[in-house]
Amino acid sequence: MEKLHVFNTLSRKKEEFIPLKEGFVGMYVCGPTVYGDAHLGHAKSYVSFDVIVRYFRYLGYKVRYVQNITDVGHLTDDADSGEDKLQKQSRLERKDPMEIAEHYTYTYFRDMDALHVLRPDISPRATGHIPEQIAMIEELIKKGHAYEVNGNVYFDVNSDSDYGKLSGRKLDEAESGTRVNTAGDKRNAADFALWKRADESHLMQWPSPWGPGYPGWHIECSAMSNKYLGKTFDIHGGGLENQFPHHECEIAQSECVHDTEFVKYWLHNNMVTLNGQKMGKSLGNAISLQQFFTGDHPLLTRSWKPQVIRFFLLQSHYRSTTDFSETALEAAETGLKNLMSILESIAQAGTPTAAAPFNLEGFKKTLESRMNDDFNTAMALAVLFENLKPLRAGILKGDIPENIAEVQSFVFRFVDEVLGLSVSGQAANADNDAAEKLDHALKLIIELRANARSSKDWSTADLIRDTLAQAGIRIEDGPNGSTYKLD
RNA sequence: GGCGACAUGGCCGAGUGGCUAGGCAGAGGUCUGCAAAACCUCGUACGGCGGUUCGAGUCCGCCUGUCGCCUCCA
């Protein structure tokens, strides 16, 4: 595709992306509820939107990327009877809810950093925007879209004729057969809470015009997106499971307050599954990112590097489910290693020979057309392999294209800036000083082994190679001497 | 029950109606003291049954199966 197209959940079609303001993209993505460690499902979502943001920037857009931190308001159970998740966790850990929020906000960013997920430009906390949420609720009441009962405030879904436009749900359909049976003091079972009354035992509470309480889940995103992105903005993203009710409710609140379209393009990423079942915290089958990084989980036989997780996720489309298995991770790991090895060869290409130029324009165009097609990273990776493999083969033969410098700079820019895969990952992570010392030592060992080889002392040569291999250092013999690689 | 997805070769996973996706694994070969790496060659897959079409994995219908949402959830 020549121009960027995105799949818009509102229309259920791919649409050309046209920004509200030329050159700028305002984007809001639902962030985590910080009461536990982030797992592979979070990684899929945030890696997906990370690539989307990166690609917009690559295209030259100035992006304002807002991703909230939900540190209050999610209930463990039904919207009326459940306990606040943070409050529950704080009871379990015997900590203040804010300690819980702070801790898991920290681990969230720690894990996302490891995955090379760029930090959002703004990470607003729900608890930091209580006045904004209250103001919005007051406006909804004033306009007749909300009502107060006993210190609770509910949104009146019947007051909004558009309600259901995102999820394709009609109000009367939802009434029979659902498990929503707690009408409580609501006028309509489908009405949702904007503000909840808190009793004295509730740890997180704020004063409000309706008495002490705390905000409902959906209102934070409406209030904060409005504050930082305006009444209408370009893109709202999140996990597919938030389409209803969360995003539907956001639309209702925002559009009823502002009387204008809330979001132009709704993007939803699909789930990570484990044995065909959705991976989720509350389902108890989630493997946290830390557990992947350390290998400390009954379903894991070993640890997995963040980079491998990222590459694994990039190999499938963000709107497809990603089925997790260690076999699949292993395949991704080898694939990534091979890609990196190809890139290394390209990086080390010497001065150009008389070889014909590499078709950089065509390569770039193909790559961009795949990304323009709703951010098809799986395709982009295929294009990378398809084009770079022959290039490497040529380089190894000594055919170095005259435009190698441009090729190198483009390839590295794309892989690093757009895909977020760091080419010199290992080298960059290593301690430079120690690496230098190791390099000296290995050069000596390789020289001694070369002497052994020239006197056909194969047993010594093999002993050196095998022992180093066990330590994760691979010796490879080539026509111009031996080299080593760190696993 | 309502709404919505998906079913692709050993595995993962793209796919705009007609030309090889790609990755991993596997087989054979070249190179090599051996190995590794690299390079070359090799797979005609699209749940089932109909239909539209000159032509369908790709469109339509039905069936079967799996999954998601309808309750917190990336």
Trainee: Do A:Arg319 and B:C6 share a donor-acceptor pair, side chain to base, under 3.5 Å?
Mentor: no
Trainee: Report, as yes or no, whether the 6.0 Å neighbourhood of atom CD on A:Glu102 holds more than 12 heavy atoms from other residues, nucleotides or ligands.
Mentor: no
Trainee: Are A:Tyr108 and A:Tyr46 near enough that their ring centres are under 6.0 Å apart?
Mentor: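 They qualify: ring centres under 6.0 Å apart.
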Trainee: Within 45° of the ring axis of A:Phe7 and under 6.0 Å from its six-membered ring centre, is that where the NZ or CZ of A:Arg12 lies?
Mentor: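 No - A:Arg12 does not lie over the ring of A:Phe7 by the 6.0 Å and 45° rule.
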Trainee: For B:U30 and B:C19, measure between their C1' atoms and round to the nearest Å.
Mentor: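 My reading of the C1' atoms in B:U30 and B:C19 gives 30 Å.
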Trainee: Under 3.5 Å, is there a donor-acceptor pair between the A:Thr273 and A:Thr321 side chains?
Mentor: no
Trainee: Please report the distance separating the P of B:A5 from the corresponding atom of B:G43, rounded so that it comes out in whole Å.
Mentor: 37 Å
Trainee: Ring centres of A:His236 and A:Tyr265 under 6.0 Å apart?
Mentor: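 Ring centroids of A:His236 and A:Tyr265 are no less than 6.0 Å from each other.
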Trainee: When you measure only distances, ignoring hydrogens and angles, does the side chain of A:Asp477 come within 3.5 Å of the base of B:C34 through a donor and an acceptor?
Mentor: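 Such a pair is found, so the answer is yes.
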Trainee: Just the atom pairs and distances: protein N or O near nucleotides 24-27 of chain B's N or O, under 3.5 Å.
Mentor:
unit_1, atom_1, unit_2, atom_2, d
B:C24, OP1, A:Asn338, OD1, 2.3

Trainee: With rounding to the closest Å, how many angstrom separate the P atoms on B:G55 and B:C69?
Mentor: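 After rounding to an integer number of Å, I get 42 Å for this pair.
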Trainee: Say we look at B:A21 and B:U16: how far apart would their C1' atoms be, to the nearest angstrom?
Mentor: 13 Å
Trainee: Dot-bracket for RNA chain B, 5' to 3', with Watson-Crick and G-U pairs under 3.5 Å, [ ] for crossing pairs and | for other-strand pairs: what is it?
Mentor: (((((((..(((.....[...))).(((((.......)))))....(((((..]....))))))))))))....
Trainee: On RNA chain B, does the nearest nucleotide to A:Gly41 precede the nearest nucleotide to A:Ser320 from the 5' side, or the other way round? Give the residue.
Mentor: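 Whichever sits nearer the 5' end wins; that is A:Ser320.
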Trainee: If you check the A:Met271 side chain, which of B:C34, B:C70, B:A74 turns out closest?
Mentor: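 From the listed options, B:A74 comes nearest.
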Trainee: Looking only at side-chain atoms of A:Arg474, point me to the closest of B:A36, B:A74, B:A14.
Mentor: B:A36
Trainee: Flag the pair A:Phe56 / A:Phe17 as yes when their ring centroid distance falls below 6.0 Å, and as no otherwise.
Mentor: yes
Trainee: Select base, sugar-phosphate, or nothing to describe what A:Gly276 touches, counting heavy atoms under 4.0 Å on all strands.
Mentor: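 Counting heavy atoms under 4.0 Å across all strands, the contact made by A:Gly276 is with sugar-phosphate only.
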Trainee: Can you say whether the rings of A:Tyr214 and A:His202 are parallel (under 30°), tilted (30 to 60°) or perpendicular (over 60°)?
Mentor: parallel
Trainee: To the nearest Å, give me how far apart CG (A:Leu274) and C1' (B:G68) are.
Mentor: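 After rounding, the gap between these two atoms is 16 Å.
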Trainee: Between B:A14, B:C72, B:G33, spot the one nearest the side chain of A:Pro245, thanks.
Mentor: B:C72
Trainee: Could you check A:Ser325 against A:Ser167 and say which one's nearest nucleotide on RNA chain B is further toward the 5' end?
Mentor: A:Ser167
Trainee: For the ring pair A:Tyr154 and A:Phe192, is the centre-to-centre distance below 6.0 Å?
Mentor: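 Centroid distance A:Tyr154-A:Phe192: not below 6.0 Å, so no.
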Trainee: In whole angstroms, how far is the C1' atom of B:A74 from the OH atom of A:Tyr104?
Mentor: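 From A:Tyr104 OH to B:A74 C1': 17 Å.
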Trainee: Compute the centroid of each ring, for A:His247 and then for A:His268, and state whether the two points are separated by less than 6.0 Å.
Mentor: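 Distance test on ring centres: under 6.0 Å, yes.
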